[in-house]
Number of protein chains: 4
Amino acid sequence: MQSSSPAGRAGRPRSAAADTAILAATRDALVDLGWSKLTLGDVATRAGVAKTTLYRRWAGKNELVVDAVGELFDELELPDRGSLAADIEGVVLQFAAILARPEAKSGLMAVVAESTHDAALRERIRTSIVERQKRLVLEGRARAQDRGELPPEPDAAEAARTADLIFDMVAGAVVHRTLVSAEAASGDWVRSLTQVLLWGLTSRPAESAGGWAQGGGPGGGAPW
Amino acid sequence: MQSSSPAGRAGRPRSAAADTAILAATRDALVDLGWSKLTLGDVATRAGVAKTTLYRRWAGKNELVVDAVGELFDELELPDRGSLAADIEGVVLQFAAILARPEAKSGLMAVVAESTHDAALRERIRTSIVERQKRLVLEGRARAQDRGELPPEPDAAEAARTADLIFDMVAGAVVHRTLVSAEAASGDWVRSLTQVLLWGLTSRPAESAGGWAQGGGPGGGAPW
Amino acid sequence: MQSSSPAGRAGRPRSAAADTAILAATRDALVDLGWSKLTLGDVATRAGVAKTTLYRRWAGKNELVVDAVGELFDELELPDRGSLAADIEGVVLQFAAILARPEAKSGLMAVVAESTHDAALRERIRTSIVERQKRLVLEGRARAQDRGELPPEPDAAEAARTADLIFDMVAGAVVHRTLVSAEAASGDWVRSLTQVLLWGLTSRPAESAGGWAQGGGPGGGAPW
Amino acid sequence: MQSSSPAGRAGRPRSAAADTAILAATRDALVDLGWSKLTLGDVATRAGVAKTTLYRRWAGKNELVVDAVGELFDELELPDRGSLAADIEGVVLQFAAILARPEAKSGLMAVVAESTHDAALRERIRTSIVERQKRLVLEGRARAQDRGELPPEPDAAEAARTADLIFDMVAGAVVHRTLVSAEAASGDWVRSLTQVLLWGLTSRPAESAGGWAQGGGPGGGAPW
DNA sequence: TTTTAACCGAGACGGTACGTCCTGTCTTATT
DNA sequence: AATAAGACAGGACGTACCGTCTCGGTTAAAA
């Protein structure tokens, strides 16, 4: 977050422990108080740090919360579970598990809401949080293409558009389920989501319009 | 004979105009200031109303914003465009148009974030905003079943689960596209989203795993 | 308080009981709350009366308190105890007894303080409270002159000046003792006050300067 | 070994200038508005200080006004004018001059009225205002005893009682004259007051009861 | 009688001030 | 130069009263 000050010299160096303590204290405060009742003075107290120290490193509450919440997404990774469906389910479950934590719940949408009036904050969210997630979509597709589960992309622009769509659908669905519908993204739910996505992306309807597939799909029971 | 005023009686009645002015002022302030900088004192001033009048009717900023934003969704309706796909596209475009308005952008996610710490607020959001949207999913499915585009539901519980999934996917995708990815939900994007959804829900993959549909779908070009 | 309305005609007449109840409620509130925390809404509630009724009869808190406290001084009278000294002591004790009541304590000085910025209020205090007290000084002197304890006044202007001085000294001393020194105006204290006053007004020093009276006064022991 | 900072000092020290500015602003506001219309927010604005700074140092309006008014009495002193009568007149005139100032008029009685419901405030008034005045009575008497104008006190308790009586009479009379009778304590008035007091304290009546001194006193003209 | 006008209770209204809390900056002494 | 501590200017909070204004309804004298 700060430069390693190669030639930065005189004076007492910044405490590295302070950063860690402040971000952890921020997450604690988010759990206890939620975003709107979280105050920087309280975070400083929880971290055992003076308010000035906090302001020296972050411009304000939004930036601090973005960094504190962004750290949670560091643990996201794409394990190889053998098939595209399994890979997707795995990573969606990871994402859902993070979103289920109260510090993420409280903080994430709040800073997104703030970002509608603050382009710099929007960019910070993009780099700290969103890109870490979106990368998994691209890696997952590439791995599926390597496996032969998906065809290679003929058109780069179209490929990017599709990746964006998938990302918005997956992340949006999980966020909406967790925060708005306020229900857990269970294994069953994730399985259904994955199924609809994969079928939607890899299939063609039995008839171009007006009909529907008859007969059981895998696991029995169509989603409708 | 008793007076026809069973409940509402003594004292000066509340001004109906005040409610309207306050909600409009709230939306104005959301546009100008965003959620976190919006103050109830400022809203009262904009509405030409005393702060006490505002507090007499709403418990706080969250409740006020929910009602102010909720009104935006009153205009949502399900026009009959002749086919399920067209109906979906139409309603999603309406939803996207509302979300594109800055007062919705700023307010909606903020109150959702707040609701993670406030069950009463969550319930208010559900009844004021979410149910108005979800109703359209149910109506759309019923209409498609009337048309014969979709089969009737054999299992009510399963039907409800599916409706929830669709709703979270559609609403979540639009919200995520608009607020997180910060890009407009254009006609093309909505068309792609609809296509994936419908195919995902009405089709079966050509092979249960490992392959992909070859040959042209309608309009040619798979979404990947 | 209101005119007997010889020609004032139509309409429901004001409730006489309300006046009584309001003034009594005002004194109760003064006891419980003191002047600064007394609110007209609370007085109205205590009196079982609507706030509008109160405002229809008094212009504000100050006027109301002046009337409520002024009633306390209605009971002041000048009993004939046989001598000037005894008369003075008697009336001073009455005055002290009234001032000892918490509703008088709290209210009296407060409205006096307010009157420094409000000439109309000052006049109201004068007619409602001060003149009722000052009258006793004049009556007492007249009675003492009838008895032959005091000489007749040769000069009317000088007589008025002296009455004012006595009044300020007596009332001022009792008020200061009660409110500022916060001690009771006991019988002994009143006796000493009366003694100093009477001696000061009726005697001449033994020598014009530099000496003092030796030998026992009544009760023995000079006040110094 | 401990640090040499026994009373501890961490943090920015309080601004000494703020105290001065706040008390002066309080007196200004008393002049302009009177006690009841004086608001701490306005005082803070006048002093060029934030409201929090004011509340950090004073518990409320009463305490602030006591200190602001109390400072006025710092200038009271007992000049040696050669005789007891002249000393008394001098100090009473000083006291009257202070009371004639609108900031004292408005503030003094208001806080006294408040003190009837607040023991801590009463004590604060005693130490900040009353004792500064009463001290002069004691010094004046001691000086007169040194001069031989008054006899020494045989009984300490009696001496204290007498000093209290004198103080209540003098201060009470001046206050009553100034605030209740709303007339200036002129030189003539002060002279008369002093005369009554001295004669009352140092003389014996010509007859123990029922008569009055005939013939002119010094300066001619009996007070009646 | 019926009118009529002033009264009454209740309570909403536009305002103002309250005393508290938080923000982001600053001024200390210390490390 | 960074730190802990805490004072500072500023501003919003949510509450309490102010004094005014509508309401529906009552009350007694005038018509």
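The chains referred to below are lettered A, B, ... by the order of the sequence lines, with proteins before strands, and numbering in each begins at 1.
- Contact check for B:R27 versus B:R101: no side-chain heavy atoms found under the 4.5 Å cut-off.
- For the pairing with B:D67, the salt bridge (charged side-chain N to carboxylate O under 4.0 Å, His left out) check across B:R57, B:K61, B:R124 returns one residue only, B:R124.
- Where D:K51 and C:T53 each meet DNA chain E at their nearest nucleotide, the meeting point lying more 5' is that of C:T53.
- The backbone N or O of B:S36 sits nowhere less than 3.5 Å from a side-chain atom of A:H117 that would complete a donor-acceptor pair.
- Residues B:L40 and B:G60 approach most closely at CD1-C, 4.2 Å, considering heavy atoms.
- One interatomic measurement links the two molecules: CG of A:L54 to C1' of E:dG24, which rounds to 11 Å at whole-angstrom precision.
- For the pair C:L72 and C:L108, the minimum side-chain heavy-atom distance is 4.5 Å or more.
- In this structure, C:T26 and C:A68 approach most closely via the heavy-atom pair CG2-CB, 3.7 Å.
- A heavy-atom distance below 4.5 Å is found between the side chains of D:W58 and D:L23.
- For DNA chain E, the residues of residues 14-28 of chain B within the heavy-atom distance limit of 4.0 Å (strictly under) are B:R14, B:S15, sorted by number.
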Polar-atom pairs under 3.5 Å, protein N or O versus N or O of nucleotides 21-23 of chain F: list them with distances, or write none.
unit_1	atom_1	unit_2	atom_2	d
F:dC21	O2	B:R12	NH1	3.2

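- Between B:L38 and B:A29, the closest heavy-atom pair is CD1-CB, 3.8 Å.
- Taking each heavy atom of D:S106 and D:L30 in turn, the nearest pair found is OG-O, 3.8 Å.
- For the segment residues 39-48 of chain C, residues with any heavy atom less than 4.0 angstrom from an atom of DNA chain F are, sorted by number, C:T39, C:L40, C:G41.
- The side-chain heavy atoms of C:V69 and C:V111, taken from C-beta on, include no pair separated by under 4.5 Å.
- Among residues at least two apart or in separate chains, there is no salt bridge (charged side-chain N to carboxylate O under 4.0 Å, His left out) pair with a member in residues 107-122 of chain D.
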Check residues 43-51 of chain C and write down every donor-acceptor pair under 3.5 Å in which the side-chain atom is one partner and the other belongs to a residue at least two apart or another chain.
unit_1	atom_1	unit_2	atom_2	d
C:T45	OG1	C:G41	O	3.0
C:R46	NE	C:D42	OD2	2.7
C:R46	NH1	C:D32	OD2	3.0
C:R46	NH2	C:D32	OD2	3.2

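- Scanning residues 56-69 of chain B for heavy-atom distances under 4.0 Å to DNA chain E yields B:R56, B:R57.
- Distance B:Y55 OH to E:dG15 P: 17 Å, rounded to the nearest Å.
- In this structure, CH2 of A:W35 is placed 13 Å from C1' of E:dC22, rounded to the nearest angstrom.
- The nearest pair of heavy atoms linking A:A110 to A:W35 is CB-CG, 3.4 Å.
- Taking atom NZ on C:K37 and atom P on F:dA16, their separation rounds to 13 Å, with Å as the unit.
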